[in-house]
Amino acid sequence: MKRITIIGTGYVGLVSGAGLSDFGHQVRCVDIDKEKIDLLNDGIIPIYEPGLKTLITRNNNSKRLIFSVEIEESIKWAQVILIAVGTPQSKNGNADISAVIAVAKQIGKNINNYKVICTKSTVPIGTGKMIQKKIDQNNLDKIKYDYCSNPEFLREGAAVRDFLHPDRIVLGATSDKAFEYLKDIYRPLYINETPFVYTTVETAEMIKYAANSFLAVKISYINEIANLCDETGADVHVVANALGTDGRISPKFFHPGPGFGGSCFPKDTKALVEFAKNHNIDLAIVTAAIKTNIYQRKRMVNKLIALLDNDLKGKIIAVLGLAFKQETDDVRESPAIQIITSILEKGGSIKAYDPIANDSMKTIFPELDYKSNWHEAVEGCDAAIIMTEWNEFRSLDLEKLKELMSQPVILDTRNILNVSELKRLEFKFDNVGHKVA
Ligand code: NAD
């Protein structure tokens, strides 16, 4: 059992805290956001993640997991410190690591005995060295510590499952002792024969960016193929499935749609490209994936405009799904943001509905007409657009939908509706490379 302090109680910090306390460790999740910590101490989970509440409640009740704003005291208390603060995109496309560096300074000032200090946040290659330098500058008593990079690969919407059953654990450390400490905190996974990658700090940092960028490339690739299917009458689902049966390709992350979004892929691809530029490397493939992604979002807007006879002025459009993917309330970089912006710019109005993310989207578009179910959202609308592949949209009652709308027009950016049914019910519709029944 280890005493672990996790600094930054967002999607990664909170899920990691819940998971590690469930592994039997004493965990403190700390944050500068007092409101967030107060909510957690009142038993309210500030984010939506399937299974998270149960895990937090169980470990909070057994006192293995606590929430606090007392960061300095929690640094002193810990044997292992995990840094999980945000690294958003800065204006020039680079990762903004200022929060990570601020935390490093705080750790340096408060380190009181040997600790393993580990970064979970996604940080550019070389940041580990900067973190250690910052700690050293503030660690006036030269207390010994070891450093480790342990990038996180969880997916929002499946974060608890991913944390408890990861494909692999990547550890880049400065000493064998650090490896031992980290192996110990992930012991249940180690026993279950989860692959562990032991490497250097820089390689671990690189693995995270390389993984996210590869997945982004895969999504942009299938979107381009889908667009070609649109123009040729081929069916991208059959194409993707056939490609996916090839073991060299794999069927995962091969779903065409409105372009990738979320808090990771957009910023991480841009950060890697910018980072590479500073090293005189042109990451042409990742750059192309970003460009395709921008185009894909515009293409969805154009499809909607075409469905409404090239005029959105005065049209009421139901936007179904606001989060960047199903099973999350996270709207950061959600493709729905661009669709909403474009509709409003072109004179349309919006009724918006997401099973979980209405409140998150209100922080960006407070003025929209938010509805609490899809029936209300589509009522009297000139068109509906599916932006998120929530299960409840997969099973939409299309007859009811047609009855409620002022005209049966739908854009399915996730290819989840039954094309034969849409045709039978005489919907005017479009999707992403999947129009054949
Ligand atoms: P988040 O924005 O949800 O949470 C970050 C938290 O850090 C916030 O609660 C914020 O208040 C806190 N914080 C900021 N500065 C702080 C400071 N100085 N001291 C203490 N707390 C501070 O972010 P997230 O989505 O959990 O991502 C965290 C990191 O993990 C990022 O680098 C991200 O790229 C990476 N990551 C995210 C995901 C994901 O799916 N969200 C997956 C893998 C990796």
Side-chain angles (χ1 to χ4, degrees), residues 5-19 28-40 45-50 52 67-75 78 81-90 94-110 118-124 127-128 131 134 149-163 166-170 204-205 207-213 215-216 260-272 323-325 327-334 360 363:
T5 287
I6 304 180
I7 307 180
T9 308
Y11 286 85
V12 167
L14 188 54
V15 172
S16 304
R28 289 190 187 179
C29 282
V30 299
D31 204 288
I32 42 168
D33 185 343
K34 184 173 182 312
E35 207 178 312
K36 190 179 265 188
I37 296 299
D38 286 347
L39 283 174
L40 284 160
I45 314 300
I47 56 171
Y48 176 78
E49 264 306 326
L52 185 58
F67 305 102
S68 168
V69 286
E70 288 176 16
I71 300 179
E72 297 186 351
E73 205 278 310
S74 300
I75 290 171
I81 297 172
L82 302 184
I83 303 174
V85 296
T87 49
Q89 191 182 311
S90 64
N94 286 307
D96 176 354
I97 57 165
S98 54
V100 171
I101 297 299
V103 167
K105 184 175 176 185
Q106 210 171 8
I107 293 171
K109 279 186 183 307
N110 290 284
C118 174
T119 301
K120 264 206 167 301
S121 301
T122 303
V123 291
T127 305
I131 292 172
K134 195 48 116 183
S149 165
N150 169 219
E152 182 51 59
F153 296 94
L154 58 77
R155 294 162 301 168
E156 286 179 23
V160 170
R161 195 179 60 220
D162 284 351
F163 189 87
D167 290 336
R168 76 307 213 184
I169 295 289
V170 173
E205 291 168 341
I207 288 169
K208 175 62 190 175
Y209 275 101
N212 274 6
S213 295
L215 294 172
F260 56 78
S263 69
C264 292
F265 288 2
K267 80 169 172 70
D268 292 348
T269 47
K270 282 192 200 115
L272 189 63
F324 80 98
K325 63 188 283 198
E327 297 292 344
T328 182
D329 59 348
D330 196 346
V331 298
R332 288 180 282 186
E333 293 279 338
S334 171
S360 316
T363 61

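We number each residue from 1, following the sequence as shown. Atoms within each ligand, like the ligands themselves, are counted from 1 in listed order.
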S.K.: I want to check something: taking the side chain as every heavy atom from C-beta on, are N212 and L272 in contact at a cut-off of under 4.5 Å?
M.R.: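 Answer no - side chains too far apart.
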
S.K.: I need the nearest protein heavy-atom contact for atom 5 (C) of ligand 1: residue, atom name and distance, please.
M.R.: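 The closest heavy atom on the protein side is G86 N, 3.5 Å.
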
S.K.: Specify side chain, backbone, both or neither for Q106, according to which of its non-hydrogen atoms lie closer than 4.0 Å to ligand 1.
M.R.: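 Neither; nothing of Q106 gets under 4.0 Å from ligand 1.
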
S.K.: Do T127 and T119 have side chains that get closer than 4.5 Å, going by heavy atoms?
M.R.: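 No; the side chains remain at least 4.5 Å from each other.
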
S.K.: Where is the nearest protein heavy atom to atom 4 (O) of ligand 1: which residue, which atom, and how far?
M.R.: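 That would be G10 CA, 3.2 Å.
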
S.K.: Taking 4.0 angstrom as the limit and counting only heavy atoms of S263, give me the atoms of ligand 1 inside it, by number and element.
M.R.: 39 (C), 41 (N)

S.K.: Considering only protein heavy atoms, which is closest to atom 41 (N) of ligand 1, and at what distance to one decimal place?
M.R.: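 Closest protein heavy atom to atom 41 (N) of ligand 1: E156 OE2, 2.7 Å.
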
S.K.: Looking at atom 27 (O) of ligand 1, what's its closest protein heavy atom, distance included?
M.R.: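 It is V12 CG2, 4.1 Å.
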
S.K.: Could you tell me whether A102 approaches ligand 1 through its side chain, its backbone, both or neither, with non-hydrogen atoms closer than 4.0 Å?
M.R.: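 The answer is neither.
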
S.K.: What is the closest protein heavy atom to atom 34 (O) of ligand 1, and at what distance does it sit?
M.R.: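 Ranked first by proximity to atom 34 (O) of ligand 1 is K267 NZ, 2.7 Å.
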
S.K.: In terms of side-chain geometry, is the basic nitrogen of R28 or E73 positioned less than 4.0 Å from the acidic oxygen of its partner?
M.R.: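 Yes, this pair counts.
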
S.K.: Kindly indicate whether the side chain of I81, heavy atoms from C-beta on, has any atom under 4.5 Å from the side chain of V103.
M.R.: no

S.K.: By number and element, which atoms of ligand 1 are closer than 4.0 Å to a non-hydrogen atom of L154?
M.R.: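 Result: 40 (O), 42 (C).
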
S.K.: Please list the nearest protein heavy atom to atom 23 (O) of ligand 1 with its residue and the distance rounded to 0.1 Å.
M.R.: R332 NH1, 3.9 Å

S.K.: What's the shortest distance from atom 43 (C) of ligand 1 to any protein heavy atom, and which residue and atom give it?
M.R.: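 Ranked first by proximity to atom 43 (C) of ligand 1 is E152 O, 3.2 Å.
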
S.K.: Test your reading of the structure: does K36 have an N or O sitting under 3.5 Å from an N or O of ligand 1?
M.R.: yes

S.K.: I need the contact type for V103 against ligand 1. Using non-hydrogen atoms and a strict under-4.0 Å cut-off, is it side chain, backbone, both or neither?
M.R.: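 Answer for V103: side chain.
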
S.K.: Can you tell which of T328, T9, I6, I32 gets a heavy atom nearest to atom 16 (C) of ligand 1?
M.R.: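 Closest candidate by heavy-atom distance is I32.
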
S.K.: Looking at CD1 of I169 and CG of N150, how far apart are the two atoms once the value is rounded to the nearest 0.5 Å?
M.R.: 6.0 Å

S.K.: Which value, rounded to the nearest 0.5 Å, describes the distance between E152 atom CD and K208 atom NZ?
M.R.: 7.0 Å

S.K.: Could you find the nearest protein heavy atom to atom 35 (C) of ligand 1 and give me its residue, atom name and distance?
M.R.: T122 OG1, 3.4 Å

S.K.: Heavy-atom contacts with D33 under 4.0 Å: which atoms of ligand 1 show up? List them by number with element.
M.R.: 11 (O)

S.K.: Heavy-atom contacts under 4.0 Å between I7 and ligand 1: side chain, backbone, both, or neither?
M.R.: side chain

S.K.: Looking only at atom types and distance, does a side-chain atom of N94 sit under 3.5 Å from a main-chain N or O of S90, one as donor and one as acceptor?
M.R.: no

S.K.: Answer with side chain, backbone, both or neither: which part of R155 has a heavy atom less than 4.0 angstrom from an atom of ligand 1?
M.R.: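 The answer is neither.
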
S.K.: Which is closest to atom 29 (C) of ligand 1 by heavy-atom distance: V85, T87, D31?
M.R.: V85

S.K.: Please list, in number order, the atoms of ligand 1 under 4.0 Å from a heavy atom of I71.
M.R.: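 Contacts of ligand 1 toward I71, numbered from 1: 19 (N), 20 (C).
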
S.K.: If we set the cut-off at 4.0 Å for heavy atoms, which region of D330 has an atom near ligand 1: side chain, backbone, both, or neither?
M.R.: neither

S.K.: Any side-chain heavy atom of R155 within less than 4.5 Å of one from T328?
M.R.: no

S.K.: Taking 4.0 angstrom as the limit and counting only heavy atoms of A99, give me the atoms of ligand 1 inside it, by number and element.
M.R.: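 Result: 15 (N).
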
S.K.: Tell me which part of P88 gets within contact of ligand 1: side chain, backbone, both or neither, using heavy atoms under 4.0 Å.
M.R.: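 It is neither part, as no heavy atom is under 4.0 Å.
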
S.K.: Please list, in number order, the atoms of ligand 1 under 4.0 Å from a heavy atom of A84.
M.R.: 28 (C)

S.K.: Report the part of K34 (side chain from C-beta onward, or backbone N, CA, C, O) that has a heavy atom under 4.0 Å from ligand 1; answer both or neither where that applies.
M.R.: neither

